[in-house]
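Notes follow once the structure below has been shown.
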Amino acid sequence: QVQLVESGGGLVQAGGSLRLSCEASGRIGSRYTMAWFRQAPGKEREFVAAIRWSGNSTYYADSLKGRFTISRDNAKNTVYLQMNSLKPEDTAVYYCAVDWGVVIATSPDLYDYWGQGTQVTVSS
């Protein structure tokens with residue numbers, strides 16, 4: 001069993017920044033991908049960014065490259081999402097998830113465990 005707990009969401013003005021955290025606990029092992037997804041009201045859950053267990057490989061949604069940065073601290077079993085230059089369209093619930101596939105997956109269907117989500121609201 002794996003537990004994921006997100007934190008760091010909140011209300012921010014357009015152009016501002018937030019850093020989300022996702023702490024993992026339980027039997028997560030050592031070879032996995034952790035990813036961030038987001039879901040806005042009335043929309044499907046969409047891929048944001050992912051990072052492999054080693055930290056050497058990252059992947060981003062094309063539309064978010066340059067504004068969002070994913071990183072990890074293995075000593076703390078924590079993955080971060082630094083979000084800069086936020087826009088109102090970034091408003092969503094942000095989820096972290098873990099997958100043990102051999103490549104980075106962007107489909108939410110392939111992720112095995114999910115956190116409860118953290119709300120990010122960007123005001124114009």
Side-chain angles (χ1 to χ4, degrees):
Q1 192 76 6
V2 172
Q3 295 80 40
L4 303 173
V5 179
E6 302 99 333
S7 61
L11 174 64
V12 64
Q13 288 189 334
S17 298
L18 281 175
R19 189 178 80 155
L20 306 182
S21 300
C22 173
E23 183 176 1
S25 60
R27 306 179 72 173
I28 197 168
S30 60
R31 294 180 182 272
Y32 55 92
T33 296
M34 289 192 73
W36 287 96
F37 289 80
R38 67 184 184 182
Q39 188 166 20
K43 295 187 176 181
E44 293 186 352
R45 192 166 297 190
E46 66 170 341
F47 175 80
V48 173
I51 188 167
R52 288 289 284 169
W53 62 278
S54 64
N56 292 333
S57 182
T58 58
Y59 191 76
Y60 296 89
D62 287 342
S63 62
L64 300 174
K65 286 180 181 177
R67 293 197 298 124
F68 288 15
T69 303
I70 191 170
S71 61
R72 67 186 306 145
D73 183 337
N74 285 345
K76 297 181 179 180
N77 280 342
T78 299
V79 172
Y80 304 98
L81 184 69
Q82 178 67 42
M83 306 185 295
N84 298 327
S85 302
L86 283 163
K87 305 175 182 180
E89 51 264 43
D90 294 318
T91 295
V93 178
Y94 284 71
Y95 299 90
C96 68
V98 64
D99 167 52
W100 285 270
V102 296
V103 296
I104 291 179
T106 60
S107 169
D109 295 337
L110 297 178
Y111 283 78
D112 301 285
Y113 289 94
W114 293 81
Q116 81 289 350
T118 185
Q119 176 71 47
V120 171
T121 302
V122 184
S123 64
S124 57

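For the single chain, residues carry numbers from 1 onward in sequence order. Heavy atoms only: backbone and side chains are in, while hydrogens, waters and symmetry mates are out.
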Practice problem: May I ask you to decide if Lys76's main-chain N or O and Thr78's side chain share a donor-acceptor pair within less than 3.5 Å? | Solution: yes
N/O donor-acceptor pairs under 3.5 Å from side chains in residues 100-110, not counting sequence neighbours:
from   : atom 1 : to     : atom 2 : distance (Å)
Trp100 : NE1    : Ile28  : O      : 2.9
Ser107 : OG     : Asp109 : N      : 3.2

Quiz item: Side chains of Glu6 and Trp36: closer than 4.5 Å at any heavy-atom pair?
Solution: yes
Quiz item: Under the 6.0 Å and 45° cation-pi test, does Arg45 pair with Trp114?
Solution: yes
Quiz item: For Tyr95, what residues pass the ring-ring contact (aromatic ring centres under 6.0 Å, His included) criterion, not counting sequence neighbours?
Solution: none
Self-check item: Side-chain heavy-atom pair Val48, Leu81 within 4.5 angstrom cut-off
Solution: yes
Quiz item: Can you check whether Thr121's main-chain N or O pairs, donor with acceptor, with Thr91's side chain at less than 3.5 Å?
Solution: no
Quiz item: Lys65: what forms a side chain to side chain donor-acceptor pair (under 3.5 Å) with it, not counting sequence neighbours?
Solution: Asp62
Quiz item: In terms of heavy-atom contacts, does OH of Tyr32 have more than 12 from other residues, nucleotides or ligands at under 6.0 Å?
Solution: yes
Quiz item: What is the distance from atom CZ of Arg72 to atom CD1 of Ile51, rounded to the nearest 0.5 Å?
Solution: 5.5 Å
Quiz prompt | Results of side chain to side chain donor-acceptor pair (under 3.5 Å) for Ser7 - residues two or more places apart only | solution = none
Quiz item: Can Ser85 and Arg67 be counted as having a side-chain donor-acceptor contact under 3.5 angstrom?
Solution: no
Quiz item: According to the side-chain hydrogen bond (donor to acceptor under 3.5 Å, both in side chains) rule, which pairs have a member within residues 15-25, sequence neighbours left out?
Solution: Gln3-Ser25, Ser17-Asn84
Quiz item: Listed by chain and number, what are the side chain to side chain donor-acceptor pair (under 3.5 Å) partners of Thr58, not counting sequence neighbours?
Solution: none
Quiz prompt | Ring centres under 6.0 angstrom apart (Phe37, Tyr111) | solution = yes
